[in-house]
Protein chains: 2
Amino acid sequence: MAGLTAPLLGLEKKSLREQALAALRTAITSGELEPGRHLVETELSEMLQISRGTLREALRQLEQEGLLSAGPRGRLSVRHLDEKEIRDIFAVRAALESLAARTLCELPDRQHVTQSLHKAIDAMSATADGTLEERIESDLEFHRTLCRLTGNETLLHSWQSLEGSIRMSIMFAGREKGVSNMSVDRHRDIVAAIDTGDAALVRKTILEHMDTAAATLVS
Amino acid sequence: MAGLTAPLLGLEKKSLREQALAALRTAITSGELEPGRHLVETELSEMLQISRGTLREALRQLEQEGLLSAGPRGRLSVRHLDEKEIRDIFAVRAALESLAARTLCELPDRQHVTQSLHKAIDAMSATADGTLEERIESDLEFHRTLCRLTGNETLLHSWQSLEGSIRMSIMFAGREKGVSNMSVDRHRDIVAAIDTGDAALVRKTILEHMDTAAATLVS
DNA sequence: CGACGTACGACTGTAAACAGTCGACTTACA
DNA sequence: TGTAAGTCGACTGTTTACAGTCGTACGTCG
């Protein structure tokens, strides 16, 4: 019975709160709920067919993820990201992923690490001709894997807290700029650097990658 | 009428949710709610004299801050930190504060920055003979200020998301180890490094500071 | 004409009630 | 005696209802 993970676990029904959370995240990053838009609880709750109480729990979570900003009297609106904020987000992201990469260098079996990362890169190649959304997702998947492989749960959690903001940055700034910034080769460079085990090189590679990405979005 | 900020804003009553949040944070970090303890919503809500709905919103927030961990069926318990997790937390903290310090180096007016930081250090000196809690608070206040002064809201937010975990680490691991790790001098070194504007030096100083702190807690 | 007041509408804050699920304990039966 | 079915209690998930607050539009009085 061991090793039968995913398929059987399909029975576990996600709570409405989680479903609402996912739906709202998607709605926001897809632009269906445009930045600056005021969110009215009663409206949303009947759109999503859930009660306000349940909705509010999801909203709190989104608020803390930085996708929503609170105005006076608890008034929520979709966060608007200006160029400075995007730069700031990517600076934090760079710091986190830099830590991740450095940590991976010091791991005993880099074998498994680079193998997993190559798999993620292959997934990116597969979506290279897909929609913007698909390419963004596989790109983020790579970077999330980078953090997960460190085994540092706190690091992964911090990164995921930022993930929504990152996705928003790319989607909005990227729509006009015609982002092609998610090159597969760049990611191979990162893995190669990790493979060498040279922490300084890895750090440098990641920081450059982030700088490039951020510059593409705001320039 | 301009410039009359703080005193007049005293009227703003915090919502019950925020009060509950603060109360629970305190209860957890003070050890009143010991690690591993199961939290029962109905119990807490009547302890705090608030409804479950309001409480649940606060719990979601604490969950995301990493102070609570979710078991099966949404069962919440106070998170227990082992030594690896403490090291992981401090690694992320180091990455964030390293970014903060580096950013401060590149700021136009380091005058104002170092001035504010010296003020925070003075506050630390003032509580040097106080209780463990007081010293921890003034220590965290210094590091929070470090992040705030960068002007990078995302950085500050990420750091604050970690703050509860940091406080927990110090309180629990520190209780037995008799933490004296919050030396005022160490912090002066950091400010001095920032004052030089040498990013590499600053980074090194911060990382050493974090290493020392983490080592004190887990060794 | 302008300042003040007032009634109404729109939302959020908060509370209380209902429903479903899991575990523990008990009981019946082989 | 051991095992399976059944019942009870304890929680969480979710919904519905109520209260309070702020803005707005309109009306009144100076």
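In what follows, every chain begins at residue 1, and chains take the letters A, B, ... in the order their sequences are listed.
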A/E46 CD to C/dC11 C1', straight-line distance once rounded to whole Å:
13 Å
Contact class for B/L55 vs. all strands (heavy atom < 4.0 Å): base, sugar-phosphate, or nothing?
nothing
Is a side-chain donor-acceptor pair under 3.5 Å present for B/S138 with B/E141?
no
Do A/M168 and A/M171 touch side chain to side chain, with heavy atoms closer than 4.5 Å?
no
Give a yes or no on whether the backbone of A/S165 and the side-chain of A/S169 come within a donor-acceptor separation of less than 3.5 Å.
yes
Side chain of A/E41, heavy atoms from C-beta onward: which of D/dG13, D/dC11, C/dT12 has the nearest atom to it?
C/dT12
Using a 4.5 Å cut-off on heavy atoms from C-beta on, say whether the side chain of A/E85 contacts that of A/R79.
yes
So A/L44, base contact, sugar-phosphate only, or nothing? Heavy-atom distance under 4.0 Å.
nothing
Donor-acceptor pairs under 3.5 angstrom involving side-chain atoms of residues 42-49 of chain A: please list them, not counting sequence neighbours.
unit_1	atom_1	unit_2	atom_2	d
A/S45	OG	A/E41	O	3.2
A/S45	OG	A/T42	O	2.9

With heavy-atom distances below 4.5 Å as the criterion, would you say the side chains of B/F90 and B/L217 are in contact?
yes
Using whole Å, report how far CZ of B/R75 lies from P of D/dA10.
12 Å
Measure the distance from CD on A/E57 to P on C/dG13 and round it to the nearest whole Å.
14 Å
Dump the pairs, protein N or O against N or O of nucleotides 15-18 of chain C, anything under 3.5 Å, distances to one decimal.
unit_1	atom_1	unit_2	atom_2	d
C/dA15	OP2	B/S51	N	2.8
C/dA15	OP2	B/S51	OG	3.3

Validation row: A/L155, B/D88 side chains within 4.5 angstrom (heavy atoms):
no
Whole-Å gap separating C1' (C/dT14) and CG (B/L21):
17 Å
What verdict does the ring pair (Phe, Tyr, Trp, His ring centres under 6.0 Å) test give for A/H209 and A/H143, after you've listed the backbone C-alpha separation in whole Å, the side-chain angles of each residue and the deciding distance to 0.1 Å?
CA-CA 11 Å; A/H209 182 69; A/H143 291 277; 5.3 Å; yes
Every protein N/O lying under 3.5 Å from an N/O of nucleotides 22-25 of chain D:
unit_1	atom_1	unit_2	atom_2	d
D/dC22	O3'	A/R73	NH1	2.8

Do B/S51 and B/T54 pair up side chain to side chain, a donor and an acceptor below 3.5 Å, judged on atom types alone?
yes
Protein-nucleotide distance (B/R17, atom CZ; C/dT14, atom C1'), rounded to Å
12 Å
Respond yes when some side-chain nitrogen or oxygen of B/R56 is under 4.0 Å from OP1 or OP2 of D/dG13, and no when none is.
yes
